[in-house]
Novice: 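The structure under discussion is supplied below as structure tokens; questions concerning it will follow.
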Amino acid sequence: QKRLVIAAEENLQDQQHSLDQLIKTRQGLLQRTEQQKQAIAAQLVSLSSEAKDLRQLLAKIAPHHAGKQKFAPDVSPALKTPVAGRVLHGFGEKDQDGVTSEGVTFAALSAAPVVAPRAGRVVFAGPFKGYGRIVILQHEGGYHSFLAGFGRIDAEMEQEVEAGEPLGEMPVEAHGHPPLYFEWRRNNETVNPARFRP
């Protein structure tokens, strides 16, 4: 019985040691993750302060797409509608200030989910001057989608998303329809998204 008690105590000590090691490892991983988050936050602040406009921001995010690649004619398929609501201004139309729109503006529902128009990777998520909270996705073929007008962003930098996957929500408004602005870009030039599918 004494030997059994000693063996049980040794086994318990081994288990406690393994648990301690696991906790230390997990704490290290959490710390690394927190450090990565801080580095990403610092990177976003740096990008936002250095870029004067959206074109510069995209050029800094994906310099290899900025005028360096040639593509075949655009035969992109239909995109997912990024938010539920009606189109206020289409591509090439004049907005309320008489400015020709380089994207599509939707009159969204309050707190409506905003989704990825196509599968891609999050390359920017946060505030940007004049646009409020924005998300930029990088897609295959030199494409980027730019979405502005979020009330809340749930997507994180470097996150891979599928078409239709939620990126965040529109602002909560008791009256009216908050606008979501969407641009579809190729080689850092705006192109007509052409058509959407539900």
Side-chain angles (χ1 to χ4, degrees), residues 40 44 47-48 53-55 57-62 64-66 69 71-96 99-128 130-173 176-198:
I40 287 170
L44 289 173
L47 285 169
S48 296
D53 54 28
L54 181 58
R55 186 178 297 277
L57 180 62
L58 278 166
K60 287 178 178 297
I61 289 170
H64 57 286
H65 288 323
Q69 292 188 17
F71 300 100
D74 186 6
V75 290
S76 60
L79 303 168
K80 286 276 189 188
T81 305
V83 73
R86 63 185 175 85
V87 174
L88 278 178
H89 307 290
F91 182 87
E93 295 179 358
K94 302 274 189 188
D95 64 14
Q96 66 272 11
V99 178
T100 301
S101 177
E102 292 191 293
V104 178
T105 303
F106 294 88
L109 299 173
S110 176
V114 182
V115 303
R118 184 183 284 181
R121 182 169 60 92
V122 178
V123 292
F124 191 96
F128 185 64
Y131 289 99
R133 293 184 179 95
I134 72 168
V135 170
I136 299 176
L137 300 174
Q138 185 177 30
H139 311 278
E140 288 186 357
Y143 289 98
H144 286 83
S145 54
F146 166 76
L147 300 119
F150 287 82
R152 188 187 79 218
I153 295 175
D154 298 324
E156 294 185 353
M157 284 282 287
E158 305 301 325
Q159 179 182 348
E160 300 284 341
V161 295
E162 295 298 324
E165 186 172 336
L167 302 172
E169 287 186 357
M170 296 299 296
V172 176
E173 292 190 6
H177 297 274
L180 178 83
Y181 180 67
F182 167 70
E183 276 186 11
W184 185 238
R185 287 178 169 258
R186 194 178 199 217
N187 199 21
N188 208 2
E189 296 293 333
T190 55
V191 293
N192 191 346
R195 65 193 194 280
F196 294 101
R197 66 178 187 269

Novice: State, yes or no, whether a side-chain contact exists between Q159 and E165 at a heavy-atom distance under 4.5 Å.
Specialist: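 Touching, per the 4.5 Å side-chain cut-off.
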
Novice: Return the minimal non-hydrogen interatomic distance between A155 and A125, and the atom names on each side.
Specialist: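 Heavy atoms only, the tightest pair is O-CB, 4.0 Å.
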
Novice: Can you classify the ring geometry of F124 versus F128 as parallel (below 30°), tilted (30 to 60°) or perpendicular (above 60°)?
Specialist: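 Ring orientation of F124 relative to F128: perpendicular.
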
Novice: Can you list, pair by pair, the side-chain donor-acceptor contacts under 3.5 Å of residues 101-111, counting residues two or more places apart and other chains?
Specialist:
{"unit_1": "S101", "atom_1": "OG", "unit_2": "G103", "atom_2": "N", "d": "3.1"}
{"unit_1": "S101", "atom_1": "OG", "unit_2": "G103", "atom_2": "O", "d": "2.7"}
{"unit_1": "E102", "atom_1": "OE2", "unit_2": "T190", "atom_2": "OG1", "d": "3.4"}
{"unit_1": "S110", "atom_1": "OG", "unit_2": "E173", "atom_2": "N", "d": "2.7"}
{"unit_1": "S110", "atom_1": "OG", "unit_2": "E173", "atom_2": "O", "d": "3.1"}

Novice: Over all heavy atoms of both residues, which pair between W184 and N192 is shortest? Give the atoms and the distance, please.
Specialist: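 Taking every non-hydrogen atom into account, CD1-O, 4.5 Å.
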
Novice: Less than 4.5 Å apart, any side-chain heavy atom of L58 and any of I136?
Specialist: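 L58 vs I136: side chains touch.
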
Novice: Counting only N and O atoms by type, is there a donor-acceptor contact under 3.5 Å from the side chain of R133 to the main-chain atoms of G151?
Specialist: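 Yes; judged by distance alone, with no hydrogens or angles, the pair exists.
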
Novice: Sequence neighbours excluded, which residues qualify as salt bridge (Lys or Arg N to Asp or Glu O under 4.0 Å) partners of R152?
Specialist: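 R152 satisfies salt bridge (Lys or Arg N to Asp or Glu O under 4.0 Å) with D154, E169 once adjacent residues are dropped.
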
Novice: Do L137 and V123 touch side chain to side chain, with heavy atoms closer than 4.5 Å?
Specialist: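 Contact flag for L137/V123 side chains = no.
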
Novice: Starting at NZ of K94, measure out to OG1 of T100 and round the result to the nearest 0.5 Å.
Specialist: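 Rounded to the nearest 0.5 Å, the NZ-OG1 separation comes out at 3.5 Å.
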
Novice: V191 pairs by side-chain contact (heavy atoms from CB on, under 4.5 Å) with which of E183, R186, R185?
Specialist: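 The single option meeting the side-chain contact (heavy atoms from CB on, under 4.5 Å) with V191 is R186.
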
Novice: With a 4.5 Å cut-off on side-chain heavy atoms, are F182 and F146 touching?
Specialist: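 A side-chain contact is absent here, since even the closest heavy-atom pair is not under 4.5 Å.
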
Novice: Is E160 atom CD crowded by more than 12 heavy atoms from other residues, nucleotides or ligands, each under 6.0 Å away?
Specialist: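 Yes, enclosed.
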
Novice: Between P171 and G149, what is the shortest heavy-atom contact and its length?
Specialist: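 Of all heavy-atom pairs spanning P171 and G149, the closest is CD-O, 3.2 Å.
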
Novice: H139 versus S145: any side-chain heavy-atom pair under 4.5 Å?
Specialist: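 In short, these two side chains touch, coming nearer than 4.5 Å.
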
Novice: Checking Y181 now: which residues fulfil ring pair (Phe, Tyr, Trp, His ring centres under 6.0 Å) with it, not counting sequence neighbours?
Specialist: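 Not a single residue meets the ring pair (Phe, Tyr, Trp, His ring centres under 6.0 Å) criterion with Y181.
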
Novice: Drop me the distance from R121's CZ to Q138's CD, to the nearest 0.5 angstrom.
Specialist: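 It comes to 4.5 Å.
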
Novice: Measuring only between side-chain heavy atoms, which start at C-beta, is L180 closer than 4.5 Å to L147?
Specialist: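 L180 reaches L147 side chain to side chain.
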
Novice: Side chains of V114 and V135: does their closest heavy-atom pair fall under 4.5 Å?
Specialist: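 A side-chain contact is absent here, since even the closest heavy-atom pair is not under 4.5 Å.
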
